[in-house]
Amino acid sequence: AYERVCRYFCRKTNSVVVSVGYRLAPEHPFPAQFEDCLTATIHFLRTAQDHGVNPSRIVICGDSSGGTLTAAVAQALVNRRDLPKLRAQILIYPFLQCVDLNLPSYQQNERVPILLKERTIVFGLKYVNLDLGMLKELFKGCHVSEDRRLKYQKWVSADYIPHEFKTRGYKPNPKHLPSKEICEAVESVFDPVFSPLLAEDSVIAQLPETFILTCEFDVLRDDGLLYKKRLEDHGIKVTWCHLQEGFHGTV
């Protein structure tokens, strides 16, 4: 599915392109995918010169769940003193959080192919091997405890989405009480490897220069906008490209 895209990047940027064939869920549950990508990245950082690559010019890139993995790998490497620093990260319509599934983009694009709102959450639950019966509770936000809500609201909130992205029929959702049982069951979705937007400030502040691509007709649009804000708040240089007519999978 991606060979032609990778060859195109290789040709157009005159770069060496390495594509990681990571193991897939549900046969290989979370976090096998992250571990494969991290292992491959570390190996390449150590052996870059064997491939004629300058170790100080390595960029990691991914789209959709690959964008999630890219963000998670970049975060995992910030404190490594034994490896060259990443030059940059490229996040193409990434999935970055599972705290608020009613952000404006989730409401506006819930029925826009190919990534319907329900399909997004089904994929996420299958990835971490959780019961699909919890779907409705997650949509309501019943999986977020009061403590977590207070902690994450400074990073994940519709208040941080610029007004121009709310004009297409956004309505703030009523608050629902958390369910202790659901909160405990879905603990893994708050792991920054699954939801990189939830990493601590000390990690975010050390990330490399970043390129983020968002699409107007994509449930994940606002994840990208919120990550852009967090990075910029910490002085990280961000290049942002928004495709006004774009949709998830547009690459």
Side-chain angles (χ1 to χ4, degrees), residues 1-23 31-96 192-215 220 223-243 246 248-251:
Y2 278 81
E3 184 172 347
R4 285 180 67 191
V5 175
C6 290
R7 285 180 180 275
Y8 178 84
F9 284 157
C10 186
R11 208 167 51 243
K12 289 287 182 181
T13 62
N14 191 27
S15 303
V16 170
V17 173
V18 178
S19 181
V20 184
Y22 57 83
R23 290 168 292 169
Q33 300 70 22
F34 163 73
E35 288 164 355
D36 287 354
C37 291
L38 182 61
T39 301
T41 306
I42 290 170
H43 176 72
F44 192 75
L45 284 164
R46 284 184 174 142
T47 61
Q49 285 169 321
D50 299 348
H51 304 278
V53 172
N54 178 342
S56 69
R57 293 178 58 81
I58 294 171
V59 176
I60 56 173
C61 168
D63 74 318
S64 195
S65 57
T68 316
L69 292 165
T70 300
V73 166
Q75 291 178 5
L77 293 173
V78 295
N79 291 315
R80 294 290 295 257
R81 301 287 170 256
D82 57 325
L83 297 166
K85 290 279 182 208
L86 290 172
R87 172 66 186 83
Q89 59 174 341
I90 296 173
L91 311 177
I92 300 172
Y93 38 74
F95 171 93
L96 297 171
V193 169
F194 184 87
S195 295
L197 186 55
L198 308 183
E200 295 298 332
D201 287 336
S202 57
V203 172
I204 299 289
Q206 298 183 72
L207 287 169
E209 186 176 342
T210 302
F211 176 95
I212 297 175
L213 183 135
T214 54
C215 293
L220 302 182
D223 283 23
L225 295 178
L226 292 173
Y227 206 47
K228 172 181 179 286
K229 180 185 185 302
R230 274 205 81 192
L231 291 166
E232 289 176 337
D233 286 350
H234 285 278
I236 309 297
K237 186 180 174 192
V238 178
T239 301
W240 172 51
C241 173
H242 182 67
L243 302 183
H248 196 87
T250 204
V251 162

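Computation of the quantities below employed the complete heavy-atom set of this structure, encompassing side-chain atoms and omitting hydrogens, waters and symmetry-equivalent molecules.
- Under the side chain to side chain contact (heavy atoms under 4.5 Å, CB included) rule, Lys228 has a single partner from Ile212, Ile236, Thr214, Asp233, which is Ile212.
- In this structure, CG in Leu91 is found 8.0 Å from CD1 in Ile60, a value given to the nearest 0.5 Å.
- Looking at heavy atoms from C-beta onward, Asp82 lies in side-chain contact with Arg46 at the 4.5 angstrom threshold.
- Taking CD from Glu209 and NZ from Lys237, the interatomic distance works out to 4.5 Å, rounded to the nearest 0.5 Å.
- Of all the heavy atoms in Pro192 and Ala72, the pair that sits closest is O-CB, 4.5 Å.
- To the nearest 0.5 Å, the span separating OG on Ser19 from CZ on Arg7 amounts to 11.0 Å.
- Taken from NZ in Lys229 to CH2 in Trp240, the straight-line distance is 14.0 Å, to the nearest 0.5 Å.
- Between the side chain of Thr68 and the backbone N or O of Phe95, at least one donor-acceptor pair lies under 3.5 Å.
- In this structure, the side chains of Val251 and Tyr93 come closer than 4.5 Å at one or more pairs of heavy atoms.
- Side-chain atoms of Leu77 and Leu45, non-hydrogen and from C-beta on, do get closer than 4.5 Å to each other.
- In this structure the side chain of Arg80 reaches within 4.5 angstrom of the side chain of Ile42, judged on heavy atoms.
- The minimum heavy-atom distance linking His248 with Ser64 is given by the pair NE2-OG, 2.7 Å.
- Put simply, the side chain of Phe44 reaches to within 4.5 Å of the side chain of Val53, judged on heavy atoms.
- Listed here is the closest heavy atom pair of Gln89 and Ala74: OE1-CB, 3.4 Å.
- Side-chain atoms of Asp63 do not come within 3.5 Å of backbone N or O of Ile92 as any donor-acceptor pair.
- Crowding of His234 atom NE2: a count of heavy atoms from other residues, nucleotides or ligands under 6.0 Å exceeding 12.
- Looking only at distances, a side-chain donor or acceptor of Arg230 sits under 3.5 Å from a matching main-chain atom of Leu197.
- The backbone N or O of Gly66 sits nowhere less than 3.5 Å from a side-chain atom of Tyr22 that would complete a donor-acceptor pair.
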> Hey, mind stepping through Leu226 and Leu96 against side chain to side chain contact (heavy atoms under 4.5 Å, CB included) and telling me if it holds?
Replying inline: CA-CA 9 Å; Leu226 292 173; Leu96 297 171; over 6 Å; no

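- Of all heavy-atom pairs spanning Pro208 and Leu86, the tightest one is CB-O, 3.6 Å.
- Thr70 places none of its side-chain heavy atoms less than 4.5 Å from the side chain of Ile90.
- Of all heavy-atom pairs between Pro196 and Gln75, the closest is O-NE2, 2.9 Å.
- Residue Lys85 qualifies as enclosed at atom NZ: its count of foreign heavy atoms under 6.0 Å is above 12.
- Put simply, OH on Tyr227 and CD1 on Ile204 are 4.0 Å apart, with the number rounded to the nearest 0.5 Å.
- Contact detail for Val78 and Leu207: the closest heavy-atom pair is CG1-CD2, 3.8 Å.
- The distance from atom CZ of Phe34 to atom OG1 of Thr39, rounded to the nearest 0.5 Å, is 8.5 Å.
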